[in-house]
Amino acid sequence: MREKLNDYYSVVFEPELLEEIIKVGTFKKIKENELLIDLGGTMNAIPLLLNGAIKIVREDKNGDEILLYFLERGDTCAISFASGFAKVKSRIRATTEKESEIIFIPLEKLDEWLIKYKSWRNFVIDSYNVRMNEMMETIDALAFMKMDQRLYKYLCDKALILRETSLNTTHQEIAYDLNTSRVVVSRLLKKLEVEGKIKLFRNRVDVLVF
DNA sequence: ACATTAAGTGATT
DNA sequence: AATCACTTAATGT
């Protein structure tokens with residue numbers, strides 16, 4: 001656990017904080033496609049993502065979902081801070097996109113570390129910033145981009161986060177993430193393939209050009 | 001061989 | 001861009 005933590009976080013946290021994280025945090029390895037937190041659930045810990053990828057999805061009461069953003073190594077779910085402080089219910093759903101290793105920090109440490117460690121404070125503020133920007137990008141995409149552009153952006157983002165140009169997914173799953181229908185996704189994917197940007201297979205899409 | 005699931009397509013709104 | 005209705009292709013039992 002120590003080495004894995006150091007891998008990424010040794011540059012962002014001071015040594016004493018790293019020690020504390022190791023002491024109070026719980027390390028977990030989570031398989032692909034596991035539900036981390038569902039709508040209405042409460043957070044009982046702050047996740048620090050060591051590696052892997054997590055998908056954050058918003059869902060309305062009809063069950064329509066829309067992808068907000070992906071988390072990767074070094075990220076944490078900023079929303080979890082808010083949920084953590086206010087102990088409010090989660091308004092998002094988080095699932096692992098691939099096998100991930102995560103350290104969970106107990107909620108009580110949140111306040112304490114904010115005062116105690118400058119690097120922790122920076123980390124929290126920074127995370128908020130990064131997430132906010134990601135969110136804005138998503139809003140822009142939603143508001144101004146056509147479906148075909150959104151689809152292509154989605155594929156590129158996903159390939160980047162997973163560090164894998166070969167995406168194992170179905171048209172239907174993509175449609176859920178973008179909140180559209182499978183038929184539309186199929187047609188647009190076909191178009192992208194003709195343009196030479198991607199290659200299609202059953203249960204798989206290869207991104208050729210970024 | 002049959003059922004199930006994923007993907008492709010024309011027509012309509 | 002969504003929906004319907006249907007076809008074709010791939011995969012599991």
Side-chain angles (χ1 to χ4, degrees), chain A residues 28-41 47 49-73 75 77-79 89-102 129-210:
Chain A
K28 271 194 189 136
K29 192 178 200 136
I30 296 168
K31 285 175 298 179
E32 183 176 340
N33 272 323
E34 289 276 306
L35 183 67
L36 291 180
I37 175 95
D38 204 350
L39 245 57
L49 194 49
L50 298 178
N51 56 59
I54 295 176
K55 178 168 88 171
I56 307 294
V57 168
R58 185 80 246 270
E59 191 184 287
D60 74 5
K61 41 187 182 274
N62 306 323
D64 290 330
E65 59 172 63
I66 183 83
L67 178 108
L68 289 185
Y69 48 75
F70 292 109
L71 296 177
E72 59 181 329
R73 179 188 64 199
D75 285 334
C77 184
I79 299 175
K89 286 184 176 164
S90 166
R91 309 183 65 179
I92 51 106
R93 165 182 298 150
T95 49
T96 47
E97 270 289 285
K98 67 178 199 183
E99 185 177 80
S100 304
E101 294 182 311
I102 304 173
N129 253 321
V130 174
R131 280 315 125 216
M132 182 72 85
N133 287 332
E134 290 268 4
M135 205 90 95
M136 293 223 204
E137 245 191 66
T138 307
I139 292 173
D140 282 349
L142 227 46
F144 307 126
M145 286 166 65
K146 299 226 172 140
M147 204 56 227
D148 54 344
Q149 297 172 280
R150 281 180 60 202
L151 174 62
Y152 187 53
K153 179 183 188 301
Y154 168 85
L155 294 172
C156 292
D157 283 353
K158 189 154 171 161
L160 233 53
I161 291 289
L162 296 177
R163 290 179 178 72
E164 172 74 73
T165 56
S166 198
L167 307 171
N168 292 312
T169 180
T170 64
H171 298 185
Q172 183 62 70
E173 284 179 52
I174 298 174
Y176 285 143
D177 282 350
L178 297 177
N179 193 21
T180 180
S181 67
R182 193 226 93 219
V183 190
V184 171
V185 170
S186 288
R187 289 205 165 105
L188 295 174
L189 280 174
K190 199 82 215 162
K191 209 175 83 190
L192 287 171
E193 187 180 38
V194 172
E195 289 169 15
K197 292 177 178 166
I198 60 170
K199 184 105 183 85
L200 296 175
F201 304 87
R202 188 188 168 93
N203 285 312
R204 174 173 152 215
V205 177
D206 283 11
V207 181
L208 303 176
V209 189
F210 284 88

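Chain naming here is simple, since letters A, B, ... match the order of the sequence lines and numbering starts at 1 in each. It should be emphasised that the depicted structure is a prediction, and the values quoted were computed from it without experimental measurement.
For DNA chain B, the span of nucleotides reached by chain A at under 4.0 Å from its heavy atoms goes, 5' to 3', from dT5(B) to dA11(B).
Considering only residues two or more places apart in sequence or on other chains, Glu137(A) meets the salt bridge (charged side-chain N to carboxylate O under 4.0 Å, His left out) condition with Lys153(A). Listed by chain and residue number, Ala53(A), Leu162(A) satisfy the side chain to side chain contact (heavy atoms under 4.5 Å, CB included) test with Lys98(A) (two or more places apart in sequence, or in another chain). Checked against side chain to side chain contact (heavy atoms under 4.5 Å, CB included), Thr180(A) has the following partners two or more places apart in sequence or in another chain: Met147(A), Ala175(A), Leu178(A), Val184(A), Val185(A). For the side-chain hydrogen bond (donor to acceptor under 3.5 Å, both in side chains) test, residues two or more places apart in sequence or in another chain that qualify with Glu195(A) are Lys197(A). Looking at residues two or more places apart in sequence or on another chain, you find a salt bridge (charged side-chain N to carboxylate O under 4.0 Å, His left out) between Glu72(A) and Arg163(A). Legend: residues meeting salt bridge (charged side-chain N to carboxylate O under 4.0 Å, His left out) with Arg93(A), ordered by chain and number and at least two apart, are Asp38(A), Glu59(A), Glu65(A).
Between Glu101(A) and Lys29(A) there is a salt bridge, since at least one side-chain N of the basic residue sits less than 4.0 Å from a carboxylate O of the acidic one.
Residue pairs meeting the salt bridge (Lys or Arg N to Asp or Glu O under 4.0 Å) criterion with at least one partner in residues 142-152 of chain A, sequence neighbours excluded, are Asp148(A)-Lys191(A). For residues 168-184 of chain A, the salt bridge (Lys or Arg N to Asp or Glu O under 4.0 Å) pairs, not counting sequence neighbours, are Lys55(A)-Asp177(A). The list of side-chain hydrogen bond (donor to acceptor under 3.5 Å, both in side chains) pairs with a residue in residues 199-210 of chain A, not counting sequence neighbours, reads Ser166(A)-Arg204(A), Ser166(A)-Asp206(A), Arg204(A)-Asp206(A).
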Could you encode protein contacts along nucleotides 4-13 of chain C as a string, one character per nucleotide from 5' to 3', using B for base contact, S for sugar-phosphate-only contact and - for no contact, with a heavy-atom cut-off of under 4.0 Å?
B----BBS--

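Proximity of residues 165-179 of chain A to DNA chain C (heavy atom under 4.0 angstrom from any strand atom) is not detected for any residue.
In this structure, Met147(A) places its CE atom 12 Å from P of dT3(C), rounding to the nearest Å.
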